[in-house]
Student: 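Before anything else, here's the structure in question.
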Amino acid sequence: AMTPTIATRDASSAARPRVCCTISWTATGDDASSGTAKSYELRYAATPISEEDFSLAAAISSPPVPSPQGFLESFLVPGLPGGTTLYFGV
């Protein structure tokens, strides 16, 4: 299942061509309702991400190790292009 995308905008990107942002989500488990997922795949794009085009979005390297279902997850994503709205998928 797709996690809702998160949009971010960096107002001072002219001074910093590459930016970072922290994304957060709730762990869903290995079957979307319980357990712990085996791994995460994090991606971003300049347009909203759907299940159909998830694989076309840019992959984010070294995602965190999943926590058990229900735990709040967060990850600092470095090296993002500045000056634009970005959408994230987990």
Side-chain angles (χ1 to χ4, degrees):
M2 286 290 298
T3 298
T5 56
I6 306 161
T8 183
R9 181 177 296 275
D10 180 51
S12 61
S13 62
R16 299 180 308 167
R18 304 299 277 183
V19 297
C20 62
C21 120
T22 300
I23 59 173
S24 300
W25 66 95
T26 301
T28 60
D30 63 346
D31 66 358
S33 64
S34 67
T36 302
K38 182 177 179 179
S39 63
Y40 285 130
E41 187 172 344
L42 308 179
R43 293 184 174 260
Y44 72 93
T47 58
I49 300 171
S50 68
E51 288 188 62
E52 292 77 28
D53 61 11
F54 182 81
S55 65
L56 301 176
I60 297 169
S61 62
S62 303
V65 174
S67 295
Q69 183 273 331
F71 279 71
L72 179 63
E73 302 274 28
S74 65
F75 185 70
L76 178 68
V77 184
L80 296 168
T84 187
T85 297
L86 296 174
Y87 298 86
F88 295 86
V90 178

Student: Distance from I60 atom CD1 to I23 atom CD1, nearest 0.5 Å?
Tutor: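 Reported to 0.5 Å precision, the distance equals 5.0 Å.
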Student: Write down the atom of P68, the atom of A27, and the distance for their closest heavy-atom approach.
Tutor: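 Scanning both residues completely, I find the closest heavy atoms to be O-CB, 3.4 Å.
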Student: Measuring from T28:OG1 to Q69:CD, what's the distance to the nearest 0.5 Å?
Tutor: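 Reported value, rounded in 0.5 Å steps: 7.5 Å.
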Student: Provide the closest heavy-atom pair for S24 versus L72 in the form atom of the first, atom of the second, distance.
Tutor: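 Closest pair (atom of S24, atom of L72, distance): CB-CD1, 4.3 Å.
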Student: I'd like to know if the side chain of E73 and the backbone of P66 have a donor-acceptor N/O pair within less than 3.5 Å.
Tutor: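 Side chain of E73 to backbone of P66, a donor-acceptor pair under 3.5 Å: no, none is there.
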Student: Mind checking whether F71 and W25 have ring centres under 6.0 Å apart?
Tutor: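 They do not qualify: ring centres at least 6.0 Å apart.
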Student: Quick one: do C20 and L80 satisfy side chain to side chain contact (heavy atoms under 4.5 Å, CB included)? Show the steps, please.
Tutor: CA-CA 6 Å; C20 62; L80 296 168; 5.6 Å; no
Student: Hey, are the side chains of L42 and F75 touching, using non-hydrogen atoms and a 4.5 Å cut-off?
Tutor: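 The answer is yes; the side chains approach within 4.5 Å.
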Student: Does the Lys NZ or Arg CZ of R43 fall within the cation-pi geometry relative to F88 - under 6.0 Å from the ring centre and within 45° of the axis?
Tutor: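 No cation-pi geometry.
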Student: Just wondering, do S39 and V65 contact through their side chains at under 4.5 Å, heavy atoms?
Tutor: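 No; the side chains remain at least 4.5 Å from each other.
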Student: So how far is it from L76 CG to C21 SG, rounded to the nearest 0.5 Å?
Tutor: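 Rounded to the nearest 0.5 Å, the CG-SG separation comes to 8.0 Å.
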Student: Please tell me if the side chains of P81 and L86 come closer than 4.5 Å, counting only heavy atoms from C-beta onward.
Tutor: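 Yes, side chains in contact.
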Student: Determine the minimum heavy-atom distance between G82 and V19, stating which atoms define it.
Tutor: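 What the structure gives for the nearest pair is CA-CG2, 4.0 Å.
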Student: Using every non-hydrogen atom in the two residues, find where I49 and A57 come nearest and quote the distance to one decimal.
Tutor: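 Shortest heavy-atom separation between I49 and A57 comes out as CD1-CB, 3.9 Å.
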